[in-house]
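Report on the following structure.
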Amino acid sequence: MASFGTTIFAEMTALAQETGAINLGQGFPDTDGPPEVLEAAIAAIRAGHNQYPPGPGIPELRNAIAAHQKRWYGIDLDPDGEVLVTTGATEAIAAALLALTGPGDEVVTFEPYYDSYAASIALGGATRRVVTLRAPDYSFDPDELRAAIGPATKVLLLNSPHNPTGKVFDLDELAVIAGLCIEHDLIAVTDEVYEHLTFDGVAHVPLATLPGMAERTLTLSSAGKTFSFTGWKIGWVTGPAQLVAAVRTVKQFLTYVSGTPFQYAVAVALGLPDQVTIDLAASLQSKRDRIAVGLREAGFVVHPPKGTYFITADIRGVGGVDGIEFCRELPHRAGVVGVPTQVFYDDPEAGRPLVRFAFCKRDEVIDEAVERLTAMGAGS
Ligand SMILES: Cc1ncc(COP(=O)(O)O)c(C=O)c1O
């Protein structure tokens, strides 16, 4: 794992702390989620829910996750066996890949990819094959996807809505992916942590809802993004009992179990009216528009996302060439931190001029960041 070093998020957040820059690098909101959920966590601690929970997660949360999948997507799940609570989606990704793949196996995914994918594939000793999503709409070539799949491919790892591009895979694209999974007998692992953060009326469609996919798909999500509690690290895996059992077997030896009082609180969160998540998406959509206008005025070319809380900016409009260099200098030049998208690619050239900014921040923080970037542009 030596080649993986420190994650770019840790490096950029450290740089923000060191320089006092506005951190639009790491994807965490600067406001807390619903107050009743905070209260539920405090109440759970006070009620003495402070020891190891059951391995698969507390029944209240497993029931709430199953009910959520049914209510939003019509997916039927048995909370005993088809739902597993994990330590964030990060653990779910690692445990799923460790459970399903090993040396000699291949995992196909799209680039740019969330950085833990490469690390988790490597931890298990498998090899990754990537298919590039190309700007401006980040579509993929179905033939490239077909060519990436070979006899050693075991898993197709999908992330939609997609970090860092903000792409939401549409039904036609999902149908292509599903068709290839069925044709090649692959297991799909789908990371849907941004499932509720979509804009402009675009709906997230879980891959598991496509014909023939429920029996071969592990669906992953997390409370971190949906309810703005990224530090609680409560995630989950749902899918066929046999696959979930395989993930649970690995999870036992990674973390054994996950934060008891937060499980009680997330069970409450999942039972809140749907309007809570709808309102969060609406608020993020207006922040997206706010930062998109600001970045354009500052001279960047932007690709506004349909989902997530990230926006990608092309730095060539402000004289930048290489995203990594640009991001290392940006806190000193402008007092703002972003993340170079290049680190999410196997082909660094494909992402070289792209920088990701997180907009899950208060409006005044976004405005201040944009003002600083505009001043930098004017001065250069
Ligand atoms: C695509 C994606 N998957 C997973 C995660 C991690 O989720 P968690 O914090 O629940 O481990 C993130 C966090 O940024 C993400 O962007």
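Order of listing sets the numbers, starting from 1, for every ligand and every atom in it.
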Ligand-protein N/O pairs under 3.5 Å (ligand 1):
residue, atom, partner, partner atom, Å
ligand 1, 3 (N), Asp191, OD1, 3.4
ligand 1, 3 (N), Asp191, OD2, 2.5
ligand 1, 9 (O), Lys233, NZ, 3.2
ligand 1, 10 (O), Ala89, N, 2.8
ligand 1, 10 (O), Ser222, OG, 2.6
ligand 1, 11 (O), Ala89, N, 3.1
ligand 1, 11 (O), Thr90, N, 2.9
ligand 1, 11 (O), Thr90, OG1, 2.6
ligand 1, 11 (O), Lys233, NZ, 2.7
ligand 1, 14 (O), Tyr194, OH, 3.4
ligand 1, 14 (O), Lys225, NZ, 2.8
ligand 1, 16 (O), Asn163, ND2, 2.8
ligand 1, 16 (O), Tyr194, OH, 2.7

Is a donor from one side chain sitting under 3.5 angstrom from an acceptor on the other, for Arg288 and Tyr309? no
Glu11: salt bridge (charged side-chain N to carboxylate O under 4.0 Å, His left out) partners, not counting sequence neighbours: Arg328
So does Arg71 pair up with Asp274, basic N to acidic O under 4.0 Å? yes
Please go through Val257's hydrophobic cluster and name the other residues, only I, L, V, M, F, W, Y counting, with side-chain heavy atoms under 4.5 Å joining them. Tyr52, Tyr256
Over 12 non-hydrogen atoms of neighbours within 6.0 angstrom of CD in Glu183: yes
Go through the structure and list residues passing salt bridge (charged side-chain N to carboxylate O under 4.0 Å, His left out) with Asp80, not counting sequence neighbours. Arg62
